[in-house]
Amino acid sequence: MTALLIRDIRPMGGAPADILIEGGRIARIAPAINAPGVAVEDGGGAIAVPGLVEAHTHLDKTLMGMGWYANAVGADLGAMIDNERAERRRLNHDPHRQSMRHALALAGNGTTHIRSHVDVDTEAGLAAIEGVLQTREALRGIVEIEIVAFPQSGLMIRPGTADLLDRAMSLGADLVGGLDPCGIDRDPKGHLDTIFDIAERHGRGIDIHLHEAGELGAFSMELILDRTRALGMKGQVAISHAFCLGMPDWPRTEALLAALAEQDVAVLTTGAPSREVPSVRRVLDAGLRMGAGCDGVLDTWNPWNRPDMLDRARILAQKNNFRSDADVALALHVCSTGGAEVMGVADHRLEEGRPADLALLPGTTLAEAVATGGPVFLTLKGGQVTGRNGHPVMEAP
Ligand SMILES: [Zn+2]
């Protein structure tokens, strides 16, 4: 693999330096590196950070490039789920093409790793899984994609879904997903026993959507913890949203966080402005791994989210009432190294010897980059330039 010298960047917003990349890894970080004959990129004084990590999204849902979606469905979860299935049919939605558009938009704007939930249901079967698997192959070397087989329409209320989840895992999905065991399936034992059984048989982890608020969510969380403990799945389970951790009963939340830490259950957040969400500071202080994501982008659910992890860091910082530069930088950390830790990418740091997965951000400090936003100046995956000025180098279909 060819070498590359990036001149004039500031690692994590610090003093100016150059980065020499060899064999897809960071070979040296130092001022004025002398590397004759090596290709050079001018960093223009940008801040270098480890590549951004989109750790909770839905690549199979976006309507990017298909015109404005006029949403008439409102905010009821069940109605939104039914509406999406119907609209996918009506719009002749192509999960491969759409996931390519979404993933490349992320890759062009600083993202090097994506965890995507992908719908599995008895109506569309495995079409979305197959489409995103194709995208994962097409984008190998550009962005790493982890796939969660996700029973969006429910599991116990739709017989046949469990078999489809099982087949999705055999096809190449990385994790088993789940969804509100009480709120959607109204059968928490059945739902959780089923997804833990599939995960155990395939030797894979779990990432479960838990929107259930307050005490109901806490109850589901305890059932998840029981099974994690009983099956010896410590470190292999993540809970997305975990809105119940945002409830005001702090002694209750503190005990839940301690139990999650004891089983190394990770938390993924979107910092949703419309909901109570887990506090970044409290989750990290409890010793949990924590990542963030934009959730679905330009889909039938809402028009708000953008394929932009720097923007997500801003939303997360605002939602957490972060004001100091150190706190705002912490939000960015969750959108990068934090998400990588949840995805099992342990060496996602700006250090010599680590993979050259980088984002070069505009701004003079990390907090300024978050506050003022992109576009990300340059994105590199394994030492290859994958994005410039917010646009992917590879053209989307
Ligand atoms: Zn989601």
Side-chain angles (χ1 to χ4, degrees), residues 53-64 71 73 75-85 87-88 95 98-99 102-103 106 111 113-121 124 128-129 132 145-155 165 168 173-181 183-185 191 195 205-213 217 220-221 224 237-246 266-278 290-309 311-312 315-316 319 334-335 339 342-343:
V53 177
E54 164 53 280
H56 183 108
T57 191
H58 297 260
L59 293 178
D60 62 317
K61 290 185 186 294
T62 190
L63 302 173
M64 245 182 253
N71 193 329
V73 76
D76 174 73
L77 185 56
M80 288 191 284
I81 291 170
D82 291 344
N83 178 62
E84 179 175 50
R85 277 200 319 278
E87 290 293 74
R88 267 190 222 247
Q98 293 307 115
S99 57
H102 186 165
L106 284 163
T111 297
H113 297 74
I114 300 171
R115 174 180 284 188
S116 176
H117 297 253
V118 180
D119 286 10
V120 169
D121 66 59
I129 292 278
V132 180
I145 300 176
E146 205 175 49
I147 294 173
V148 187
F150 176 47
Q152 172 74 82
S153 293
L155 182 58
L165 282 183
D174 302 287
L175 297 121
V176 183
L179 171 68
D180 294 347
I184 297 289
D185 268 354
H191 184 102
I195 64 170
I206 285 176
D207 186 339
I208 179 165
H209 276 68
L210 192 60
H211 306 94
E212 293 162 8
S220 290
M221 197 170 265
I224 292 167
V237 176
I239 300 179
S240 283
H241 301 305
F243 291 144
C244 64
L245 293 176
V267 169
L268 293 159
T269 188
T270 64
S274 54
R275 302 296 297 261
E276 285 177 339
V277 297
M290 187 182 211
C294 303
D295 218 343
V297 168
L298 295 174
D299 56 18
T300 62
W301 291 71
N302 70 69
W304 300 122
N305 300 328
R306 298 171 189 171
D308 182 342
M309 286 309 296
D311 183 56
R312 186 54 44 176
I315 291 169
L316 198 57
K319 181 71 180 179
V334 169
C335 292
V342 178
M343 289 178 62

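As the structure lists them, so they are numbered: ligands from 1, and atoms in each ligand from 1.
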Q) Going through the distances and angles, do D207 and S240 end up as a side-chain hydrogen bond (donor to acceptor under 3.5 Å, both in side chains)? A) CA-CA 7 Å; D207 186 339; S240 283; 2.8 Å; yes
Q. Could K61 and E84 be called an ion pair, given the rule that one side-chain N must be under 4.0 Å from one carboxylate O?
A.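 Yes, this pair counts.
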Q) Can R88 and D60 be counted as an ion pair, charged N to O under 4.0 angstrom? A)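 Salt bridge present between R88 and D60.
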Q.
Counting only heavy atoms from other residues, nucleotides and ligands, does the tally under 6.0 Å from CZ of R85 exceed 12?
A.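 More than 12 within 6.0 Å, yes.
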Q. Using 30° and 60° as the class limits, which term best fits the ring planes of H58 and H209: parallel, tilted or perpendicular?
A.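 H58 and H209: tilted rings.
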Q.
Does the plane of the ring in F243 sit parallel, tilted or perpendicular to the ring in H211? Use 30° and 60° as the thresholds.
A.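 Aromatic pair F243/H211 classed tilted.
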Q. Counting no waters, what protein N/O/S atoms lie under 2.8 Å from the Zn ion (ligand 1)?
A.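 H56 NE2, H58 NE2, H209 NE2, D295 OD1, with waters left out.
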